[in-house]
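First the structure, in the form of structure tokens, and then the observations on it.
Here the structure is a predicted model, which is why all the values come from computation and not from measurement.
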Amino acid sequence: MLKTATFAACHFSVAFGVAYLLTGSVGVSGLLAVVEPLVNTVAYHFHEKVWDAVRARRGIARPDRRLGPAH
């Protein structure tokens, strides 16, 4: 979950920067920076769930989910 949170923070920053460069509006950029990455982060979570199911069906273990402490 920490990886997802840091990814979201990075995505918020990039989304705001790009939106501001395109619009010049702090308000519009802020709205886009919150809405787009939030939706994208949720979509990414479900994308990973689908790929976990694909890997499980094929019998392929996910490298970052090995036994032991979190990385």
Which residues end up grouped with Phe46 if you chain together Ile, Leu, Val, Met, Phe, Trp and Tyr wherever their side-chain heavy atoms are less than 4.5 Å apart?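 Same cluster as Phe46: Val42.
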With sequence neighbours left out, what residues match Arg57 under side chain to side chain contact (heavy atoms under 4.5 Å, CB included)?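 Counting only residues at least two positions away or on another chain, Arg57 forms no side chain to side chain contact (heavy atoms under 4.5 Å, CB included).
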Sequence neighbours left out, what pairs pass side-chain hydrogen bond (donor to acceptor under 3.5 Å, both in side chains) with at least one residue falling in residues 15-31?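 Only Thr23-Ser29 qualify under side-chain hydrogen bond (donor to acceptor under 3.5 Å, both in side chains).
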Under the side-chain hydrogen bond (donor to acceptor under 3.5 Å, both in side chains) test, residues paired with His45 that sit two or more places apart: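 Once residues adjacent in sequence are excluded, His45 has no partner under the side-chain hydrogen bond (donor to acceptor under 3.5 Å, both in side chains) criterion.
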For residues 8-17, run the donor-acceptor check on the side chains, cut-off 3.5 Å, and write out each pair with its distance to 0.1 Å, sequence neighbours left out.
unit_1 : atom_1 : unit_2 : atom_2 : d
His11  : NE2    : Glu36  : OE1    : 3.0
Ser13  : OG     : Ala9   : O      : 3.1

Lys/Arg-Asp/Glu bridge criterion (N-O < 4.0 Å) met for Asp52, Arg55: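 Yes, Asp52 and Arg55 are salt-bridged.
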Find the distance between CG (Leu32) and CG (Leu22) and round it off to the nearest 0.5 Å.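 Going from the CG atom of Leu32 to the CG atom of Leu22 covers 9.0 Å.
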